[in-house]
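Along the sequence shown, the residues carry numbers beginning at 1.
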Amino acid sequence: MNRLLATAAVVIAVVFGSIGSAAAQDQTITVKPANVEAADSAEFTVTGEGFTADPPFAIVPCAGITTPAEIADVDTEIDCDTSQVDLSNDAAPWTATATFDVPAEGMCIVAGTLDGAEGGGACITVGAATDDGSVEAEAEAADEELALTGFGTG
């Protein structure tokens with residue numbers, strides 16, 4: 001089992017080493033839901049379209065990145081949890097269901113071919129949706145108190 005996880009981590013590092021160039025192509029990754037109300041484990045439906053390569057396609061959660069602009073520069077060894085990799089063995093357009101732990105600041109999910117030639121990603125926001133469709137950040141994050149350090153003026 002450990003050997004399988006180590007192999008998967010190496011494969012994923014190779015997969016997304018070139019996600020920047022892959023993201024500029026015609027692949028689209030859609031993740032539903034795109035918003036969760038609170039940080040927690042959640043189930044997502046990930047869909048990949050525009051892929052011309054044969055499966056498998058790797059799907060990886062990246063808690064270290066939170067905006068679509070960061071997906072092009074993703075470093076899976078730093079930004080992603082390769083121990084949670086999921087694979088889709090379906091031909092494109094493909095759909096897979098995966099459960100990932102979402103941190104309070106949100107995260108992105110990246111997916112692509114094992115050789116890194118095709119890929120992309122989508123981001124998950126955290127907070128209650130408002131009537132206008134925007135998202136309110138979690139109350140915990142917004143109401144965070146300053147740490148007491150023992151230093152003061154006076």
Side-chain angles (χ1 to χ4, degrees), residues 1-25 27-51 55-90 92-130 133-147:
M1 178 71 166
N2 287 339
R3 184 175 180 199
L4 176 62
L5 289 176
T7 301
V10 170
V11 167
I12 298 308
V14 171
V15 168
F16 298 112
S18 60
I19 193 92
S21 60
Q25 297 176 14
Q27 294 79 46
T28 303
I29 302 297
T30 306
V31 178
K32 293 183 181 180
N35 172 263
V36 294
E37 286 194 27
D40 201 353
S41 182
E43 183 176 271
F44 297 97
T45 300
V46 183
T47 303
E49 296 182 275
F51 287 83
F57 301 101
I59 305 160
V60 185
C62 301
I65 59 174
T66 58
T67 66
E70 294 173 291
I71 291 172
D73 296 323
V74 67
D75 181 339
T76 56
E77 291 183 41
I78 296 171
D79 302 318
C80 303
D81 184 354
T82 56
S83 70
Q84 292 192 58
V85 66
D86 201 345
L87 294 174
S88 173
N89 290 307
D90 296 332
W94 52 265
T95 299
T97 302
T99 301
F100 298 128
D101 296 329
V102 182
E105 61 275 2
M107 69 176 199
C108 296
I109 295 174
V110 296
T113 58
L114 297 182
D115 64 0
E118 298 180 346
C123 297
I124 310 301
T125 56
V126 176
T130 63
S134 62
V135 177
E136 293 179 8
E138 283 192 283
E140 291 175 13
D143 294 335
E144 217 174 286
E145 291 183 21
L146 295 176

**Message:** Do Glu43 and Thr97 have side chains that approach each other closer than 4.5 Å (heavy atoms only, starting at C-beta)?
**Reply:** yes
**Message:** Do Gln84 and Thr99 have side chains that approach each other closer than 4.5 Å (heavy atoms only, starting at C-beta)?
**Reply:** no
**Message:** Could you measure the distance from the CG atom of Asn89 to the CH2 atom of Trp94? Nearest 0.5 Å is fine.
**Reply:** 11.0 Å
**Fill in**
Minimal heavy-atom distance between Pro93 and Glu49, with the atoms involved, is CB-CG, 3.9 Å
**Item:** Over all atoms of both residues, closest heavy-atom pair of Ala117 and Thr113
**Value:** N-OG1, 3.2 Å
**Request:** Indicate yes or no: at least one non-hydrogen side-chain atom of Asp75 is less than 4.5 angstrom from one of Cys80.
**Result:** no
**Request:** Indicate yes or no: at least one non-hydrogen side-chain atom of Asp40 is less than 4.5 angstrom from one of Val102.
**Result:** no
**Asked** Can you check whether Ala96's main-chain N or O pairs, donor with acceptor, with Ser88's side chain at less than 3.5 Å?
**Response** no
**Message:** Quick check: do Phe57 and Leu87 have side-chain heavy atoms less than 4.5 Å from each other?
**Reply:** no
**Asked** Once you find the SG atom in Cys108 and the one in Cys62, is the distance between them below 2.5 Å?
**Response** no
**Request:** Measure the spacing between CE of Met107 and CD1 of Ile65 and express it to the nearest 0.5 Å.
**Result:** 10.0 Å
**Asked** Looking at Ile109 and Val31, what are the two nearest heavy atoms and their distance?
**Response** CD1-CG1, 3.8 Å
**Request:** Grab the two heavy atoms, one from Ala104 and one from Val126, that are nearest each other, plus how far apart they are.
**Result:** O-CB, 3.5 Å
**Message:** Do Pro56 and Leu114 have side chains that approach each other closer than 4.5 Å (heavy atoms only, starting at C-beta)?
**Reply:** yes
**Prompt:** Do Ile124 and Asn35 touch side chain to side chain, with heavy atoms closer than 4.5 Å?
**Reply:** no
**Fill in**
Distance col, row Phe100:CZ vs Asp86:CG, nearest 0.5 angstrom, shows 5.5 Å
**Request:** Look only at the side chain of Asp79 and the backbone of Ala63, and say whether a donor-acceptor pair between them is shorter than 3.5 Å.
**Result:** no
**Complete:** For Ala39 and Pro103, the nearest pair of non-hydrogen atoms, with its separation, is CB-C, 3.7 Å
**Fill in**
Distance col, row Thr47:OG1 vs Ile29:CD1, nearest 0.5 angstrom, shows 8.5 Å
**Request:** Using the side-chain contact (heavy atoms from CB on, under 4.5 Å) rule, take Val60 and Asp81 through it: C-alpha gap first, then chi angles, then the decisive distance, then the call.
**Result:** CA-CA 7 Å; Val60 185; Asp81 184 354; 5.7 Å; no
**Request:** Report yes if some heavy atom in the side chain of Phe44 is under 4.5 Å from a heavy atom in the side chain of Val36; otherwise report no.
**Result:** yes
